[in-house]
Amino acid sequence: MDKQIEVQVAVGVTHRRCPESGRPQVLISRRAKDGVLGGYWEFPGGKLEPGESAETCVVRELREELGVEVRPTKAMEPIEHTYNHAHVVLRPFYCEHVGGEPAALEVDDWTWCDVARLSEYSFPPANALLLERVVRECLDE
């Protein structure tokens with residue numbers, strides 16, 4: 001195994017109610033096929049820049065990747081996962097969508113997904129615990 005690096009990632013779980021059904025939805029995006037973990041779906045976010053807070057990072061990343069403005073409203077417990085190439089620390093936040101219509105600026109695709117249907121999408125292994133939390137907490141609202 002190559003030397004691992006630690007990657008700090010801020011993740012935005014941006015949620016809303018479906019206008020038609022009233023069911024909870026979350027904004028997810030698909031990673032570029034030619035990148036690390038390419039083709040997987042994920043909650044948008046990215047690597048923290050030096051000196052940047054996780055809250056600032058998640059706002060910046062959602063703006064850069066999808067052109068949306070969000071406001072972090074609740075920090076979730078960090079999640080750690082070790083891949084062959086890196087040790088990843090996910091720093092997830094529930095976020096409120098405050099502006100902009102999503103667009104695939106730096107991702108292959110995006111969708112507002114009914115929380116109950118998240119299991120139909122392929123996410124990276126590091127997201128397993130986060131998916132469980134989001135489904136449980138959003139459906140218990």
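The CZ atom of Arg23 sits 11.0 Å away from atom SG of Cys138, with the distance rounded to the nearest 0.5 Å. Summarising the geometry, atom CD belonging to Glu106 is positioned 12.0 Å from atom CZ belonging to Arg63; distances are rounded to the nearest 0.5 Å. In this structure, Ser29 OG and Leu62 CG are separated by 7.5 Å, a value rounded to the nearest 0.5 Å. Note that CG of Leu90 and CD of Glu77 are 13.0 Å apart. Values are rounded to the nearest 0.5 Å. The CZ atom of Arg30 sits 5.0 Å away from the CH2 atom of Trp41 when rounded to the nearest 0.5 Å. If you take OG1 on Thr14 and CG on Leu66, they are separated by 8.5 Å, rounding to the nearest 0.5 Å.
Listed here is the closest heavy atom pair of Arg17 and Gly22: CD-O, 2.8 Å. Heavy atoms only, all atoms of each residue included: Lys47 and Glu52 are closest at O-OE1, 4.2 Å. Taking every heavy atom of both residues into account, Trp112 and Pro102 meet most closely at NE1-CG, 3.9 Å. Of all heavy-atom pairs between Val70 and His97, the closest is CG1-CA, 4.4 Å. In terms of heavy-atom proximity, Pro92 sits nearest to Leu130 at CB-CD1, 3.8 Å. Nearest heavy-atom pair, Pro72 versus Phe93, reported as atom, atom and distance to 0.1 Å: CB-CD2, 4.1 Å.
Put simply, the side chain of Asp109 never gets that close to the backbone of Ala104: no donor and acceptor are under 3.5 Å apart. The backbone N or O of Val58 sits nowhere less than 3.5 Å from a side-chain atom of Arg91 that would complete a donor-acceptor pair. A donor-acceptor contact shorter than 3.5 Å links the side chain of Tyr83 to the backbone of Ala126.
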**OP:** Evaluate side-chain contact (heavy atoms from CB on, under 4.5 Å) for Tyr121 paired with Cys113, printing each intermediate quantity in order.
**Re:** CA-CA 9 Å; Tyr121 293 83; Cys113 179; 3.4 Å; yes

Subject >> Trace of the side-chain contact (heavy atoms from CB on, under 4.5 Å) decision for Phe123 with Phe43 >> reply: CA-CA 9 Å; Phe123 282 76; Phe43 296 105; 4.2 Å; yes

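Val68 and Val59 fall within a single hydrophobic cluster, where Ile, Leu, Val, Met, Phe, Trp and Tyr side chains are chained together by heavy-atom contacts under 4.5 Å.
Ion pairing between a basic and an acidic side chain is recognised when a charged N comes within 4.0 Å of a carboxylate O; Arg136 and Glu132 show no such pairing.
Between His87 and Thr82, the side chains place a donor N or O and an acceptor N or O closer than 3.5 Å (distance only, hydrogens not considered).
With contacts defined as side-chain heavy-atom distances shorter than 4.5 Å, the pair Pro24/Asp114 does not qualify.
Ring geometry for His15 versus Tyr94: interplanar angle over 60°, hence perpendicular rather than tilted (30 to 60°).
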